[in-house]
Amino acid sequence: MTVRTRFAPSPTGFLHIGGARTALFSWAYAKKHGGKFVLRVEDTDLARSTPEAVQAILDGMDWLGLTYDEGPLYQMQRMEHYQKRLDQLLESGHAYYCYSSKDELDVLREQQKQQGVKPRYDGKWRPEEGKTLPEVPADTKPVVRFKNPQGGVVSWHDMVKGKIEIANTELDDVIIARSDGTPTYNFCVVVDDTEMGISQVIRGDDHVNNTPRQINMINALGATVPQYAHLSMILGADGQKLSKRHGAVSVMQYHEDGYLPEAILNYLARLGWSHGDDEVFDMQQFCEWFDLDHITPSAAQFNTEKLNWLNAHYIKTIDIDVLSADITQRLDKLGVSAKMEPPIKRVLELYRERASNLNQLASDIAYFYVRPEAHSDDVEKHITSEIKPVMQKMLETLKNTVWELEAIHHVVSSTVKENSLKFPKVAMPLRVMLVGIAQSPSVDEVMAILGKEEVLQRIESYLK
RNA sequence: GUCCCCAUCGUCUAGAGGCCUAGGACACCUGGUUUUCAUCCAGGCAACAGGGGUUCGACUCCCCUUGGGGACGCCA
């Protein structure tokens, strides 16, 4: 059987971290087995679905590089399929019309909750042999319900959780078409997963309880039941569920916040899945290794520190042109143009080693393009009246120096020697004068990159 | 309330009955490299939720307790 997996988000919000991992695992499973990955947009909830959300999801997938072989397919464009299957179930007696009103159902639910029992449909309109149904009310539009089997159990071997078994007595008759005729989630999923030939349904943990109903419907339709893999959820850093006001942010927010997609992907891959002691790997490697057997069934807490560590790693190792393009954009956002000298690639080659965040990296190197304003504390501390004459003398030497790293280095170290100083005594004031702060890579390297004219001018401005 | 699921260092995890004196990674601490900071390198701290079984032997299998999560919509 050919492997076909799917990612089926509902466009009611952006693509968040949990959805991204679900998509990643489905994508990787298809890749691993030479199958197809389908993107299906579950937009049957007209009230809450928006085109903006669709776009946000597409953008997120695109940024992460989770390419789909088919789709995006929209459920709203597949109405005739659902209608056909609905008719099939109605005709075969696996579904029936129910005239119970919403209010009626609400009252029922309230009563059941108060009695401490599981809220469920009471089966009022469920046709039964020898049962006489109530008289059909004149002005109510009926919903269609699936006639769930009443006895026995539904069980399946979940590919991550193992055997799961739920008694049919726990299940009531779900509404599969609303009174306006539109099909509901559980039914659309069943029709789509079977018609699209999905072989492995990889989805969030929260769907475990929908699975037995879906299996019953698939059986009633006479279709093949796919394999299921239910991924546990991703918790916030504090162990709490992610919610809108609590950590559930769009994956695009991570882009904004200075993360590389490579880092997010690698991090997500290791959240709930493992391959021995391997921690750092690219997506090609991941797709080769990925399997459902090594997914943890328990929930995982999101850990920003580890993400930062991976981000630092990828900042160090990705293609320098990619990094340059990214940082150039981030500098733009800071109002800094990196189009002039020094070449950003040269700067990044020196600075990428020390960064763990793209925004941080961009703001750290901004002083190559915009003269920094030094903090008065640093100026006071390092640019002392004793050192100024030394710097003045060095400035003169620098003017006659060939602008190469070795020569610059020589000037700095001779200054140290000639004045019998400790290296930092010279390096620190230099740093403050050149970059505005007391931390930077080797001053000679910074000087080499900054350029002669700029270096001379920046030093001079402190010696007037 | 009912049903379902889950449970190894602070966090992510390895672990398919003896390989476990429980391994790796992040974080943290210490030391080294370094021109400051960072990087990098070396070392260290740190866990099988509790109780019963099964077995010659249990982190691994079973049961219970506890704790956590999820589901119970004309939402998906």
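Chain identifiers are assigned alphabetically (A, B, ...) following the order of the sequence lines, protein sequences preceding nucleic acid strands; residue numbering begins at 1 within each chain. Here the structure is a predicted model, which means the values were calculated and not measured. Scope of the values below: all heavy atoms of this structure, side chains included, with no hydrogens, waters or symmetry mates.
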Review point. Do any side-chain nitrogens or oxygens of A:R109 fall under 4.0 Å of OP1 or OP2 in B:C74?
Key: yes
B:A49 versus B:A7 - spacing of their P atoms, nearest Å
10 Å
Discussion item. Check this for me: does the side-chain of A:R431 come within 3.5 Å of the base of B:U35 through a donor and an acceptor?
Written reply: yes
Query - Inter-nucleotide C1' distance (B:A22, B:A76), Å rounded - result: 42 Å
* A:F7/A:W27 aromatic ring centres below 6.0 Å -> no
Separation between the C1' atoms of B:C9 and B:C45, rounded to whole Å: 10 Å
*asked:* Measuring to OP1 and OP2 of B:C6, would you say a side-chain N or O of A:S232 lies under 4.0 angstrom away?
replied: no
(Q) Work out how far the C1' atom of B:G10 is from that of B:C48, and round it to whole angstrom. (A) 16 Å
Less than 4.0 angstrom between a side-chain N/O of A:K316 and OP1 or OP2 of B:C40, yes or no?
yes
On RNA chain B, more 5' by nearest nucleotide between A:D45 and A:E279 is A:E279
- [ ] List the steps and the verdict of ring-ring contact (aromatic ring centres under 6.0 Å, His included) for A:H207 and A:Y185.
- [x] CA-CA 11 Å; A:H207 289 292; A:Y185 166 74; 5.6 Å; yes
(Q) Categorize A:S298 for me: base, sugar-phosphate, or nothing, with a 4.0 angstrom heavy-atom threshold over every strand shown. (A) sugar-phosphate
B:C45 -> Watson-Crick or G-U wobble partner, both distances under 3.5 Å, gives none
inquiry  = Applying a 4.0 Å non-hydrogen cut-off, can you work out what A:N210 is touching in the nucleic acid: base, sugar-phosphate, or nothing?
reply    = base
Query raised in the report: If you count the non-hydrogen atoms of other residues, nucleotides and ligands that lie under 6.0 Å from CD in A:E80, is the total more than 12?
Result: yes
Is the phosphate of B:A76, meaning OP1 or OP2, less than 4.0 Å from a side-chain N or O of A:T12?
no
Of the candidates B:C74, B:C26, B:A76, the side chain of A:S10 sits closest to B:A76
By the Watson-Crick or G-U definition, both distances under 3.5 Å, B:U33 is matched with none
>> Classify A:E165 by what it touches in the nucleic acid, base, sugar-phosphate, or nothing, heavy-atom distance under 4.0 Å.
In response: sugar-phosphate
Can you find a donor-acceptor N/O pair under 3.5 angstrom joining the side chain of A:D206 to the base of B:G70?
no
By nearest-nucleotide position on RNA chain B, the 5'-leaning member of A:K161 and A:L307 is A:K161
| Say you pick atom C1' in B:C3 and the same atom in B:C19; how far apart are they, in whole Å? | 41 Å
Problem - B:A46 versus B:U30 - spacing of their C1' atoms, nearest Å - result: 15 Å
